[in-house]
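Have a look at the structure below before the remarks.
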Amino acid sequence: MTDQPQGIVHGVVEDLELPPEPPPHGPKIWIQENLLGGDTPTARVLNGLLSVIFGLIALNILQYVTSYIFEPSRRWSAVTFNMKLMMVQAFPQADLFRIWVSVGIFFVLVSFSLVVWGGGGGRLSMFSLAKGIRNIGVLFMIVAIMHGAPETWNLVSLPLFTIDSPTAWSLARVVFFLLGLALFAAGFLYLRASGDAAKEQSVPVLSLLVAGMVIITTAIWLIKLPVPEGQFGETTASIARTTTGPWTILFAVAIGSYFLARVLVRVFDPALIKRILLFLWVFSYPIIIMVIQRKPVLLWGDILGGGPTVWWESGLGLFVLFSLIGGAVIWWLALSTDVTVGRVIAIAMGAVLAIGTWLVVNASNDWEDIIRDGVPESAALPLWVAIVAALAGIALIAAGLLIPDGIEIARVIGLIMGVVALLVWFVPMLFVVRFLLITFALTAIAAPSFGGSTQARVRVVAVWIALVFLVVVTFVLGEAETALEFQSTTFLGGFNFSILLAITGLVLSFPLGVVLALARTSTMPIFRLLATGYIELIRSVPMITWLFFGAVMLPVFLPDGITFDEIVRVIGIVAIFNAAYVAENVRGGLQSIGKGQYEAASAMGLSTVQSTALIVLPQAIRAVLPALVGSIIVSFKDTSLVAIIGLADVLFIAKSFVPGQTSPHNFLGTQPQMLFFIALFYWVFTFSFSRMALRYEKSIGLGEH
Amino acid sequence: MTEDRKPMIVSEGVKKWFGDFQALRGVTTTVGERDVVVVIGPSGSGKSTFIRCINRLEVHQEGRIAVDGIELTNDLRNIDAIRREVGMVFQSFNLFPHLTVLENITLAPIWVRKHTRTESEENGMQLLERVGIPEQADKFPGQLSGGQQQRVAIARALAMNPKVMLFDEPTSALDPEMIKEVLDVMKELAESGMTMIVVTHEMGFAREVADRVLFFDYGTIVEEGTPEHFFTNPQHDRTKLFLSQIL
Amino acid sequence: MVTPLEPQTGTSEHAKPPFWRNVTVLKWIAQIGFLTFFIWLFYILISQAVSNLEGTGIAFSWDFLAEPLGVLLGEGFNTSPGSGIEALAVGMTNMLRITASGIVAATIVGTIIGVARLSSNWIVSQVANAYIEFFRNIPLLVQIYFWQSLVLTLGELTVEEEGAAWFFATSKGIAIPWLTPRAGRWQYIALLVLGAFVTRWVYKWRVRILEEKGVETHAGSWALGVFATFLIAGWLVHPIMGLFGFLWSALAWVFGNVPVILFQLVFAALAAWLAYRFIKNFLDERRTPAGLAKLTDDDYFRLTVAGILGLAGVAFFLLGPGNATVSRLLGRDLTFSMNWGLEPIFSFLAEKFDFSTGLPLDFSRPEVVVPTRFAQYSPAVGKAFTPAFVSVWIGVTLYTAAFIGEIVRAGIMAVHRGQNEAALAVGLRRGQVLRLVVLPQAFRIVLPPLGSQYLNLAKNTSLGIAVAYAEVVQVGQTIYNQEGQTLAVFIIWMAFYSIVSLVLSGVVNYYNRKMQLVER
Ligand SMILES: Nc1ncnc2c1ncn2[C@@H]1O[C@H](COP(=O)(O)OP(=O)(O)O)[C@@H](O)[C@H]1O
Ligand SMILES: [Mg+2]
């Protein structure tokens, strides 16, 4: 009964309306209901008392904060002068455009996506907009008044900061107050004037966004603030200082590409644009990191062959070899009905494996050493690797000779390739070849499930070639030196690094997390046991110990000759850590899928791999998307922990670099205010992101009702 | 009726336990080609378990089952072959909610039978026409009524060109006014010569369509016979009691 | 009418399929293959690590646990520990100190915030909302740094402040009045434990009368009264618990003098018995009137594992390693030069339980003393918290409280609105509805997520390292910086946190199950 279809309605996402606001009363009734409410007189008095106490607490905190911010001795220039440092750390000045280009790509993709998927991000009712503006106005006015309030207003005067409040109305305070008054008046008058009509009217969120961009652009061009410690001899500077131009261009690009997208969806097939966009979202990210920001020096000899590199060890050579030979095998595996071809392939692969093993062992080893120590002197190949590889080769040949069924030969090939993928770690070879062989094994195991008609076979082979391309390109780019000149260990730093860590950690953890979740819910006890053990071990130990593990211990565990950069290690650890949490989320989704779905799939003859990939995972992941989005927030907050192991993320720079600066400006002792700023910075990010996540969650109908 | 037909499903002494509970206590029967067999019996008597053993949704522990001459064992090849030949319709439809109606139907032909998409879609549309809802092809299951969903489920099972169709209480989750539309489709299927095993409480259907009726109780077949035999002259006390309660 | 029919020949009847097509065989090949691979990978990594460590000249060993090391810890029951294990013990207690008190405080603050969030009073609910949104959207590390910088901006502790007062808040930390334990505390605690059992018994007894007779028996008040009696009277009569001293010394004698082999036998028997019980219960569950049911391969797997574990346990306890372990457990062999084990523990207790009449606790105000040129808080009276402790404690408490607030709010909202209305309809007042109807039900919903917040809090105390609070990670890091035994320290970290997590989630699960039983 419980496994009825969930009835998820697709495609049509209705705009969720807010529940109707209660009819607007005068402020008197509002106060009576919301501040002095209660059934009995005692309750009303109590409520009033609570209102006063909480109100005073709130006002006090507000005063502390505002006094702290506006205190004349605060040196907020420590923030503005070091903005670039906190965002990108030591990224060279001359190459800064690379960062802007990255941001620009992101803006363009967002604009296009808004058009293609969001339909403009929905609408906001004028009523709540006006109310928001009115309330912000009130808040501004209170802040302006509180800022100058005498200290005796404080209920408790904590000796936290020495506040010498200027009681006079300085110009800034007056301006601030008037701004608040204006906002309040605008909101209030609008509500008064339009009355009930305000509830019917609404504005697209998008136009608000555009308005915001225009206002900001105008502001950064027009508003000049006095600079007390001017760096370039100026006395005033724009609030965006050196970035006025780039931001203006970026906003223009964002708005421009929005309209371009609107034209394009009319001209071309929206489904096609969607697919291209999805592709760009996935691939723009590695390209931004590896090409645009890293500025690699490409060694054409390594890529095309020539010089000291043999042609088949070059990037191009590997790509051609693997996509051709591997592609041919996979073409057959994707519809393995032709037995004769299967026999030839299995025997050929087996022969390559067996003879290759023999050659390697024979060429480089002293048999006596092997028999005596198990490991040859020259350590080319441990004995057991040779034995397993030879046996695997013989098994393949035997399968090719004995099994009269193509599909079963294909199964054996997949199995043996799985073994080979494990063996490659112990055979000396190029690192990229190891990864290509593992990729081949995975593709070979999956190919029979997803092949079939010519169409499907072409698709499988295309995926294979794309994977080969990806692996080869990643390695070529990864091995290339960067041409950037910077004074730190990596080109990544500051906020740029935090973001990279959060996204990469999460993206990499996703496949592992899914596999773990599947294993933990599997019917096979040993897989279940191992997955549960992994997940629980990771989750019971704090993240900081895992980071120490990555920074201090990981190199110890790695075999000789394999080293990774500290940043790479930390990213890997973050991914391994997140995977346990992703797995738990996905497990929740898997458990929400009725048994009937599995039964229907297997009754139709789908294999386990097929029903998992086509039926179970799509539903499970859809069900847990909100939770996964939530874990992006957690992951982003957690990246701050790398400051403890001394990596220069935005927190580390703000807390340790900036307060240590003595030239050109002396920012010693600014640590509290830098932390204040960083707190605000993180808050704005996580808060707005969680709001967007909530909106998204509601739009797919999973939020609270 | 059945003697002259080639045997399609053979079951001999099939036993099945859930933990310490024995759900099947030796079920022996044979279903011939083009036979329509209706299975009735009280709730919990093992009807579902039996037909689920036939396509290996449950694993029987003793006895043997063969479908179209293929023995049901641990052999992966046989299991695959039998699942390809046996279609199943569930009480709770079990359509895939994230796929459209047409995608639900073409899924197995594309991925299991390895047909092309165009070919499968054409065939799928024909099946939708056969069950009477071609206009719903691009909707999602959640947007259909129960009767329509069950007809999609039948079309989905038929898309694999099965030799045998199993129905596990296909109308029990439906509102009364939708039962008929599903039963009509099933009747049409029976007339076209499909071998069918139907667990149902629709006695009208049994009387009209069935070649044979099996009565299950406590995990065994207590009585079997033609519909006339069953509804006019049941032999066993438990059968009589059951029929008196249900009719 | 049914003619027995032979199946068409196609596959040979009852033929065993070849192994590469046999579902069961394939399943087990995959699992065992993977398990082998996994164990082997583990082995490779560990031996690689060990040999790499040897290569750097620091061979893996546990010796540092026993050896004296010259580190000074920021705080704890022993700030200049004599050995590695002592230092780690200080770190662990420091961690547990924050975890335990933080859990209590965060639960209280969080519940208040959660309830306030739902208040009909606009200001109250907005303040609670602001609290939640503020604290949960800023990384905890930033918050801890922030509290630290705040405490450090407090005034200096000056020589002029010498003397006692109710409260000090300076950049040296915060000092408050405190109950300091005195000599009589052991007897008093024992008496209170006894009192708890008596109270429980009294409560059940009153409830039983209530259920049988159907009259109000004030079970709660009775229980409270009994415990209060113990609390107050115990202050005077706790020396009588000195009687236990005899019991403790008797136990200490047993653990100290009975031959080890006897204890080994007991443990071995225990292992065998546990395995036997498991297998027997399992088979009993599968037994039907018609005989034993067919077992699936999963069942066989469990039985085999239970059998192997049982045998392994027996073998372990009877052989050399078992002898060593049991000796250490008893305290016959010194472990890492620590006087630890059952015998020393009971000797220690026997020493503490005497008939002398010392006060159990003693209330005192904090005091500033000037032993040298600099002022500091007196360690003897009151309670002083270091800036590191204060910043970590406030950080994790307020941070976790924000999440608990959300959980409590969601829990209360999840209690069906009908419950609320029904309760109001039978004439309960709002406060009563909350106390009697909504909160008990909400508690059940809230418990599992609350448990995971407690776990998070426990793990988050490890951020203490950022402000040099001497908890287990910080102490461990100090040790491996000095001794180089990274691998050993990591193993200790993992074991410690796993145990803490297991205990915490065990407690939560226990209550959860209890609540669910009540529901039925
Ligand atoms: N997965 C299962 N685990 C344990 N017991 C089951 C399971 N499936 C069915 N049973 C039990 O087997 C018996 C037969 O069930 P079923 O075949 O569904 O009966 P019917 O379809 O005739 O109502 C019932 O008593 C049921 O409780
Ligand atoms: Mg049933």
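Below, chain A is the first sequence line, B the second, and so on; all start at residue 1.
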Note, A:Leu530 side chain near C:Leu35 side chain (heavy atom, < 4.5 Å): yes
Under 3.5 Å donor-acceptor, C:Lys459 side chain and A:Arg539 backbone: yes
Shortest non-hydrogen contact from C:Ser498 toward A:Leu537: OG-CD1, 3.9 Å
Chain C contact via A:Phe548 - side chain, backbone, both or neither, heavy atoms under 4.5 Å: both
Contact leader toward chain C among A:Thr545, A:Ile633, A:Ile544, where contacts are heavy-atom pairs under 4.5 Å: A:Thr545
C:Gln126, part contacting chain A, at a heavy-atom distance under 4.5 Å: neither
When A:Phe689, A:Phe527, A:Phe676 are compared by non-hydrogen pairs under 4.5 Å with chain C, the top option: A:Phe527
Sequence neighbours excluded - salt bridge (charged side-chain N to carboxylate O under 4.0 Å, His left out) pairs with any residue from residues 485-504 of chain C: none
Portion of A:Leu422 that has a non-hydrogen atom of chain C nearer than 4.5 angstrom: side chain
Segment of C:Ile499 engaging chain A (4.5 angstrom heavy-atom cut-off): neither
Region of C:Val124 that comes under 4.5 Å of a non-hydrogen atom in chain A: both
Under 4.5 Å from any heavy atom of chain C - which part of A:Leu415: neither
Close contacts, residues 485-494 of chain C versus chain A, judged by heavy atoms under 4.5 Å: C:Thr486, C:Leu487, C:Phe490, C:Trp493, C:Met494
Proximal component of A:Phe685, with respect to chain C [non-hydrogen, under 4.5 Å]: neither
Interchain contact, C:Phe496 with chain A, by part (heavy-atom threshold 4.5 Å): neither
Atom pair CG/OG of A:Leu547 and C:Ser462 - distance to nearest 0.5 Å: 9.5 Å
Distance in Å, C:Asn121 CG paired with A:Asn47 CG, rounded so as to fall on 0.5 Å steps: 4.5 Å
Residue C:Leu45 versus chain A: region with a heavy atom under 4.5 Å: both
From A:Met524 atom CE to C:Phe301 atom CZ, the distance as rounded to the nearest 0.5 Å: 12.5 Å
Please list, one pair per line, the donor and acceptor atoms closer than 3.5 Å that link side chains of residues 140-152 of chain C to other protein atoms, with sequence neighbours excluded.
unit_1   : atom_1 : unit_2   : atom_2 : d
C:Gln143 : NE2    : C:Phe135 : O      : 2.7
C:Gln143 : NE2    : C:Ile138 : O      : 3.0
C:Ser149 : OG     : C:Phe146 : O      : 2.9

Minimum heavy-atom distance between C:Asn52 and A:Pro555, given as atom pair plus value: ND2-O, 3.9 Å
Portion of A:Ser690 that has a non-hydrogen atom of chain C nearer than 4.5 angstrom: side chain
Winner by heavy-atom pair count (cut-off under 4.5 Å) against chain A, out of C:Trp40, C:Phe37, C:Phe134, C:Phe34: C:Trp40
Any donor-acceptor N/O pair, C:Gln31 side chain to A:Ile526 backbone, under 3.5 Å: yes
Contacting moiety of A:Val541, where chain C heavy atoms sit under 4.5 Å: both
Distance (rounded to the nearest 0.5 Å) between A:Ile57 CD1 and C:Tyr131 OH: 12.5 Å
Straight-line distance of A:Leu641 CG to C:Ile465 CD1, nearest 0.5 Å: 10.0 Å
Test item: C:Asn137 side-chain N/O and A:Trp683 main-chain N/O as donor-acceptor pair under 3.5 Å: no
Shortest non-hydrogen separation from C:Tyr497 to A:Ser540 and the atoms involved: CB-O, 3.4 Å
Options A:Phe557, A:Tyr682, A:Phe549, ranked by heavy-atom pairs under 4.5 Å with chain C, top entry: A:Phe557
Residues that C:Glu133 engages under salt bridge (Lys or Arg N to Asp or Glu O under 4.0 Å), provided they are two or more places apart: A:Arg691, C:Arg136
